[in-house]
Every structure is written in structure tokens, then in C-alpha cells.
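Within every chain, numbering begins at 1; the chains are lettered A, B, ... in the order of the sequence lines, protein sequences first and strands thereafter.
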Amino acid sequence: MSRVRSRAPATRRRPYPPARLAAAAAVAALTLVPLFHVLGFVVAEGPEQAADLLLRPRVGELLRNTTGLVIAGCTACAVIGAGAAWLVERTTLPGRRVWTVLMAAPLAVPAFVNSYGWVSVTAAVEGFGGALLITTMSYFPLVFLPVAAVLRGIDPAFEDMSRALGNGPWSTFFRVVLPQLRPALLGGVLLVGLHLLAEFGALQALRFPTFTTAIYEQFESTFNGPASMMLAGVLVLGCLLLLMGELRLAGRVRVARLGSGAARTAAPHRLGSLTPLALTGMAALAVLALGVPLGSLARWLAVGSSTAFPVVALLTTTLTSIGLGVAAAVATTLLAVPVAWLSVRHPGRVSRLLERSTYFAGSLPGIVVALALVTLTVGYLPALYQTTALLVAAYAVLFMPRAMVSLRAALAQVPPELDDSARALGAGPSAVMVRVTLPLIARGLGAGTALVFLAVVTELTATLLLAPIGTATLATEFWSNSYSLAYGAAAPYALLMILISAPAAWLLTRESRSERLPA
Amino acid sequence: MWHALTSPSARRVASAVAAIGLAASLAACGSSGPTITLYSAQHQDLNQAWIDGFTKETGIRVEMRRGGDFELANQILAEGDASPADVFITENSPALSLLSSEGALAPLDSATLSQVPARFSSGANDWVGIGARSTVVIYNPALIAADQVPNSIMDLSGPQWKDRIGVASGGADFQAIASAVYAVNGDAAAGEWLAGLKQNAKIYQNNIAIMKAVNAGEVPAGVIYHYYWYKDRAESGQDSANTELEYFDRKDAGAFVSVSGGAVLRSSENAAEAQRFVAYMSGRTGQQILSATLSLEYPVGNGVEPNPTLKPFSELDPPEIDLNTLNGPKVISEMLRVGLL
Amino acid sequence: MTRTSVRLHDRAVAADGLRVTSVSKSYGPTPVLRSVDLTVAAGALTAVLGRSGCGKTTLLRLIAGFDRPDSGTVTIDGREVAGPRGILPPEERRIGYVTQEGNLFPHLSVAANVAFGLPRRERRAEHRVAELLELVGLDAGFARRRPAELSGGQQQRVALARALAPAPGIVLLDEPFSSLDAELRESTRRAVVAALAATGTTTVLVTHDQSEALSLATRIAVMRDGYIVQEASPVELYQHPVDRGVAAFVCAVVVLPAVVRGRIAVCALGELPVAGPATDGPAAVLVRPEQVVLTGSGDGVPAHVVDIEFYGHDALVRLALRGANGEITARCPGHILPTIGEWVLLAVQGPVTIDAA
């Protein structure tokens, strides 16, 4: 018998299809507009100016705060999100349906509404601890949802195998389960990190200065564009670190299941006497993330003297928010398809570069992205300036990472062999996309669309600068009223934001409860 | 992006959105006639009251984009000559000074300027005051006796205030106050004051945060603009019930009032209508509207009394300061030096 | 559009089979195919047999168009689909392709899977789907099911029906039965071969399973290290393997030193007739275990039974020859077996092969 030889390397690097490469490059170029805007300023300022602005104690403090918040926030979201997902999906915790919904629901509560709710309860949430608490409560569902979806799909045979090989439950979790969760977990954590870098509304109220709040301050205090852009340059570096870190940790793993036959459903771990403890923990999470903001909204509706329900205004702003949210969510998700597809189906230097470049704008404050688009359109595309189309493009630039992460995860689940089968049956590349790939990633498309919708509904700065004149969204009205201290008048808008976000959050729980693709 | 919008469903959504936006703007203004575009950082109830009154009086419609002082000023700069804005109104004057120094503002009609005392307008005659807020000390009587509340803002740099005073040094409001200190007391004294304040102050993000903190007993006193306190009292008192206000002494740098202003953009294609709107806001009718709304700012127009709940404007005696020098590079670099920024 | 008008039973008319000429392919520095030639006659079923890693799947993917050859040409039904003049994408090659996993589209019903390759207006024609399902031995009731609700064998049958639906010029089967259990494998093989025969479709079957190749194929091409080392009918391959390696791979074989004189090889098992031409002198003879017969009496070479591997229908009996230090394996029917340690006499039936190498 001859010795078993390893096969020829399986990396059949196929050339990038030119049309899709062009589409992906165009999308990446759009999302890179803010980055180039920032870099243009940084280069124009020159190294001396840069050193003056960056090498001072205040920047050190911002760096400490921002780094600390990103590291702690990502860790907290990872632990809480993954922990809750494990409790809900893999244990005998009672009421898993209800918990799934409750764990996704915080996505429907904008972070700044959350901090507004907390701040009106206690001033103790100011500073690092408060910032960490509130951002974690707002963003942990970004980890919970993808991890829950994967946990539901993991074939328990792997765990059995590990136990049979002598690993205990913990060792099995870390050596077998966690590696399978890794892509989903890291994708969620990356989103959390980007949001923490760019977060302004929630942190502003909490006396916790980060680069993003400092950029707003800089704009406000000195009207000094270059200085703000310099700080934004630091954010870009932070984003770069996040992206490289994620890439390094994620590695390249085939997620699509190999082998035939349907996977068994896992037998849930028995919580036994720990059940009350687990229930208490989950309930506490729900109260912290949902109860506090909703409670204080309700209180404002009751006590605020400015509380009013101007039906027509509420209705038109609600419809505007929904319309913009849907248009932007659909556009963003469709734009993300070519980039995500290329990066999953043709992994390589170019496709990775294109995919990674779409994340930068997500780490930049809305004001920087919006001003970049103002400069671009006023200078080169004046007909587009302050049109709905431009606003939708701005949303796409800002929230592309949400769609990208969802689509990548979904595409990775589709065995590439299906493409071959369809090609052999006479379907051309675009027919394969429309008839096979897109239907198979329908849930991923839905998740991406829902996540973008949630973000668009609460977006403020780009909306203020770029919306067609006279456009009022729920977010701008909430801002305008709460800024005038008319919290009572602001509350109905916040409530409506939460109400129209609820279906999207619900959709996301459906996604996480989806069953695996049959082999 | 654009290819996505050409898909039928996206087009339908986009046109639905456009229709909604149109319906909203039509609902806001029913009459026909010329239309001007306002970029406003002022509070919404005040905006709307001015626009409604102006349109009723002149038939000129006003479209509005809202945002913060800094957002809109930066946007106008980025837009350059292509700016759609005709009129810009602010909460504080530095944003107007910036645009003035960049040559983005058109000279105002002299009749408009004469409606407001000269010290509330631009020395370059290209913006006019339309409202004012006064600097005050907010304090918590449970933590500090009324007679210990300082009469001069200069006292706040003394060691007795260590960790006992809240300021929002990152905001334009505080920077205007610091500018006033420089203007009134000279560079040396002001520099020492800033350094002392850096030692003493608890830094908050904005006036509202200071008010909440004082109300909650987290810090005994803070420096804010008056109307935050009055507005909170009018809304519910939830963030001000445990606090009182104290105005600084006459002519003290702390008695400084910050001016909200209005200006016509040099790039405006509707200059005549824009001039009329600024004249309206700073005129008697516009100023009376300001007094009547819940904005609780002080009117600056000649012969118009403020809202009766406020301390009468005649009892305030702010120091003489050239508003165009506020928040200048010197103040900012000094604040950077002591680490307040 | 013409392909859709071809009825299931008409398709052999224009067929000219498959011709692969001098095809080479490397991945990086590793050559995977080295100047491969392969011809499959219209309507024939050729099995490409080889161990994993020999290049057979790569060959299939080049024929299908998922990869492009570095050199050489591929012609299907007289049409060049890969060669110096260019590469035709898979969807334009009129091929049917069935893989180990079947790869049914999980989001589509069985009917929609089968109809996937049909032009849009024909996809709803239920009778077509029913016809095709019947062809692979499934009743029409399966049409509404989801792939996840089918057994592995049923999935493979549906995959074949899907591949046959657009009346392809050639069907490519990539280890289609290897993920099935033994019993299912048998019935699925029968159904698949019957369907292919009924439609007269030219077929290439890639497999590592010798008995599968021998029982299903009309021709077998044995691949090793990127070369096709022998291409022959199953019987020819069995009787006249080109070398010891092929012989051993196709079936178990006993190799004995011998001296050839005339058409007779003299070895430890006696004087044995040689099949085919042979030069005189020392050589190695290849004896198949099933040629070795155990007799209780009469002529024969004495040996004693060392070990027995029992399979039911037959058994492999390991024997030690007296005097000589060689061992012989014989395949005996399951119902008449010696006992271990028993002395028996051995005879060889039929001619033996000389190892050319």
C-alpha cells in the first residue's frame, strides 16, 4: 500500500470576475470618500501642525478614554452577548423565545435615548463606568444575534466527539464551540468597536470625552476643520487596528458544513439549580437595557409640561423616517452584495482590501462623513446636493459595515459547490446570483437590511446636513426638542423611533432562530 | 448607489419619501410667493414663531435647515459660493464672527442694524443681534450658602473652589465666557484664572449636564446660561428644583451676555427677501415674539421687554466687549495650554 | 434554445462523445494532470478510476469548465469547449454534473431543483419533472418535498434527474455514490445507470471504488500521478492489466517469481499458461486469488492454511507453500472452506499475466 499523500493544494485561485470586481471597487470608492477627505486635510496640514495638535496631554487623555472604552466595551459585549446567546440557545433556560426578543430589543432603543434615559435617573452613570454600561447595554445585541444564530446551527456531534476524546465541558467550549463561534463573534465585536469609535450622542451626555466627542468639540469651539480632521485621522488608525485585529483573530475557516445528512439538534444543557440565577441575570440585563430608557420615556410623557402629541407632525416625521430607513437599508444591503460576495468567493489580497475599506466610514463621526459628502457634491455633483439620493448614499457610507458583516456571514454558510451545480445546469454568473445565491442568503440580506434600518432611523448629524430642506425625521425632532430641554415634547418622537424599530429588531430575532441550511 | 436607486422598488420608496417631504413643507407654508432658505441653530419653537409671523406679514416663504451653530457654520464654509442658504441665525455669536472673517456674510441694511444697540451686533455690520443669554451661577443651597456664591467670576480660580465648580469648557458657551474674561481683565489675570479653573473645575459636557449635577448635589455650583434653568423650571423642574440662580455683579466679566445673531449670506440669490427676514427678527415684532415664546432668552431690540419671569434686562449690566473677538485663536490656544480643551 | 427541443430519447443523434487531448494542469509548481488523453464514445459510460489525489477530480472539473487547462483541448460532441481558441464557461457546455454531496439547492423544492436547468417557460411543466423523477426511479410524489426531507440516495437520484433535465451532451459524475451506505449505494447505482442507459447519455464517472468502476462502466481509464496509465474495457483491464500496480489496484493479486519458456511460466504453483505474448526468461507472474482453487486430492501443490478472512459469499484464505517461503492467497466460496492448519492441494485455473514492468 502506498502512503497516503496530501492532495494538491485546494486553493484554486480563480481570477476575479471583471464586472463584479468593478462593482465592488465602485462601492468601496464611495465608502472611502470620508477617509480620503480626512487624509487630504492631514496631509495638507503637514507634520509640524500635526505634531502640535496631536502631541499634547489632552490627546493622551482622549486616547486613553477611547482605547479603554473600545477594549472594555468590546469585551463586555462579547461576554454578555455570547453568554446570553448560550443561555438562550443551549440550556434549559425557560422562555427562550421571550428572551430572544428581549435580547434583540435594545437595538430598537437608540444609544442616545438610552443615555438620556439613564442620565435622567441618576448622575452616577457619568464617566467611564457609565459610558461602558450604557454603550454595552445598547450594543451587546450586535454580538448576541449572530452568536445565537451560529449556536443554534452548530452540529452537536462535534461536541460529543470532543467529550469522547476526554475534554470536559469547559474545555469543549473553548476548544470546539468557541472556534466555531469565532467568525460570528468577531463580526459582532467589530461592529461594536466601530460604533464605540464613532459614538457621540450617548457619550456626550455622560461626561466621557473620546476622540469623537472631542472632534465635535473642536468643530464647535474653534471651527477648526483641520484640527478636527487630525483627530479623525487618529480614529482612522484606531479603525485600522480593529480591522487588522479582527482579520488576524478570525483567520480563514470554511464555515459551510461539510458532509451530508441533517445535523441533529443539540440536547440543551441542564441548568438545574442554577436556573433562578440565570433567570435573574437575564432579567437584570433586560431591565438595564430596556427598562430604564423606556421607564424614563414614560415618566417624561407624564411629567413634562411640553408633552404634546401633534398628530400630523408625528405622522409625517414617522413616515419620513420609515421611508428613508427602508430606502437606505435596501440600497446599503444591495451595495454590500458585490463586495461581500467577492471577499467570500474570491478571497485574495484585492478582495480583502475592498471589503476592509468599506468599514472606515463607520468609525468616523457623522459630522466628518457628512462634511466630506458636502465638499464632494458641492464641488463635483451639485445637482445631487441635499437630495434624498445623497442622503441615502450618506447612510450607505455610514452603515455599510452592518450590512457587510451580515452578508459575509450568510455567504460563508452557502457551499460554493452549489454555484458549480447551477453553472453546470446552464445558469450564467448573474443567473446564479439571482436564482441561487441571493435566495440562499435571504435571511442574511434581511438581517443586514434590518440592522441598517435601525441605524438610519436614529441617525442625526448626516440627516441635519444632507437631507432635502424641510425634511424632519424622528431623530431630528427628538434632538430639536431635547436640545431645547422640552423632554416631554421629545419623548413621543423617541417612543415612535422605538416603535418603528421594533419590527426590524423582531426580524433579527427571526434570523437568529433560523434553522441551518440543509446539506 | 445610483444603480440601486434606479430599481423600480427603490424609486418608488424614494419618491414616496420625496412626496412626504413635500407634503410636510407644503403643510408648513400655504401661500405662494418667493421662498428663502434659513439655516438655523436656534430653538425650534422660536424659529417657527418667527417664520410664521414673517410669512404672514410678507408672503415670503421660509424653508429651514436646522443644526448646531458649528455644524451649520462648517457646512456653509464647505458649501462656499454654492450654498443654498440665504439667512443664518445662531445661538451664539462666534459662528457668525467666523463667517464674517471668512467674508461669507453680506452687509446688513443700516435700518436693520439701527433696531438693536450696536454692542449686540457685528462691528463689521454684517450680522445683527436677535437675542441674548446671560452668564449666571447655578448653585445648590443645600451645599452652599447664598452669601458664599461669588459675585465675580474671577473668584472661581481661588483654592476654596477646588472641585466645587462645574463648567462645560468644551462648549462654545464657556469659551465665550473665557473670552469675556480676557477682554475685561487682561491677558495676565485671565491666564492665571484659566489655570486656577483647570485645577478647580469639574468638567461637564454642556450646560444641561452642569444643571443636573448641581441639582443632584454632585457639585455645589456651576457656570451656565440663564435660560437653561428657566426652561427646566418651566418644563418640570426635574433638573433644577434643588437649585437657585445668581447673576454676577455688574460689569464683571461673568455678567457677560452671549448674543444670538442673524446674518445674510453673501452668496444669497434672494438678498432682498433675506434682508427683510433679518430685519423682521431683529425688529419690534420679531423681538416681541422672542419674549412671548418659551425660549426665555432676552430680547435685544430697542424698547422690547423680556419675559416677565426673567430678571429684567435693564438690571443686567454686561461688560463692553467686541463680540467679533470672542473665541479668538488666543483664547483657544490658552485653553489648550492649560489643558481645558 | 435548440437543446430544449431535444426530447429525452432523441439526444444521442447528434452526439459525438467526449475527446480530451493532451490536457495538462498544474496548481502552482505541482503538476496535477500530465498530458492526459481520453476519449469517451457517444452513449458510453467511462469510469475514471484512481486513488484520491491522482488528478481525476481535476480532470472532471476541466471537462465541466470550472477550471481551465494549462494546455490541451477538450471537445464535447464535436464542439471545442476548452483549447487554444478559448474557454467556454460551464453554463454553455451542455453538461450534467453530479457531485458526492448532490448539492441540491436547499431553498428549492425537489421539483424546482429538477427544473432548475430548464428554460423559464418549461420550469412549471409538472409532467416533465414527473418524467425525470420516474427516470431515476422516484415517484412523482417527491416533487413537492424539500431536499432536507430526502435520504442521501434519494438526494443523489434527484441530483441526477436535475442534471439530465436539460438534455446535456455529457453527464459528469464525481464520486456520486461514495457518501451512501452499502445497501443504498447498490440500489442508487442501479437506478442511475438505468437512467443513463435509457437516455443514451455519454457519461464520465469519477471514482476510487474498483468494483463500482468494473460493474458500471463500459470503459475504464485508470489514473495515477496525473497520467492515464491504462484505458480498457472492464474485462480487459481485469485480465490484462498493464502492470503490477494497475493489477493490484483493480483487484487483489498474488505476485510470484517465475521463469517463462514458450507460453508457459514455471513458478511455485507449477507450470502455468501465460495470457498474451511473453518473452522467455525470468519474470513475475500475476495470479488472482480467485484463480487459485483448493482441492482435497489429485494434482496440485501442497500448502497449509494459515489464516481465513471470511466475507460470507466468499473468503480469502492465506496459505503457506511447502518448502517455498512464499505465501499465496486464494479466494474460496463461502460454503466450502478449509480449516486453519489443514493441508490442501492448490491448482490454478485459467491463464496468468506476466508483469511487464
- Message: Keeping R435(A) on the side-chain end and F116(C) on the backbone end, is there a donor-acceptor pair under 3.5 Å?
- Response: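 Yes.
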
- Item | P166(C) to L425(A) - nearest heavy-atom pair and separation |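 That closest heavy-atom pairing would be CG-CD2, 4.1 Å.
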
- Quick one: closest heavy-atom pair of R423(A) and P90(C), and the distance?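 Reported closest heavy-atom pair: NH2-CD, 3.4 Å.
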
- Query: Which distance, rounded to the nearest 0.5 Å, do you find between the CG of L418(A) and the CZ of F105(C)?
  - Reply: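 Here the interatomic distance stands at 6.0 Å.
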
- Item | Proximal component of R162(C), with respect to chain A [non-hydrogen, under 4.5 Å] |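 Its backbone and side chain both get close to chain A.
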
- Message: Other residues, nucleotides and ligands only: do more than 12 of their heavy atoms fall within 6.0 Å of CZ on R79(C)?
- Response: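 Atom CZ in R79(C) is crowded, with more than 12 foreign heavy atoms closer than 6.0 Å.
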
- Task: Sort out for me which of G428(A), A431(A), P429(A) touches chain C most, counting heavy-atom pairs under 4.5 Å.
- Result: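 Most pairs with chain C among the choices: G428(A).
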
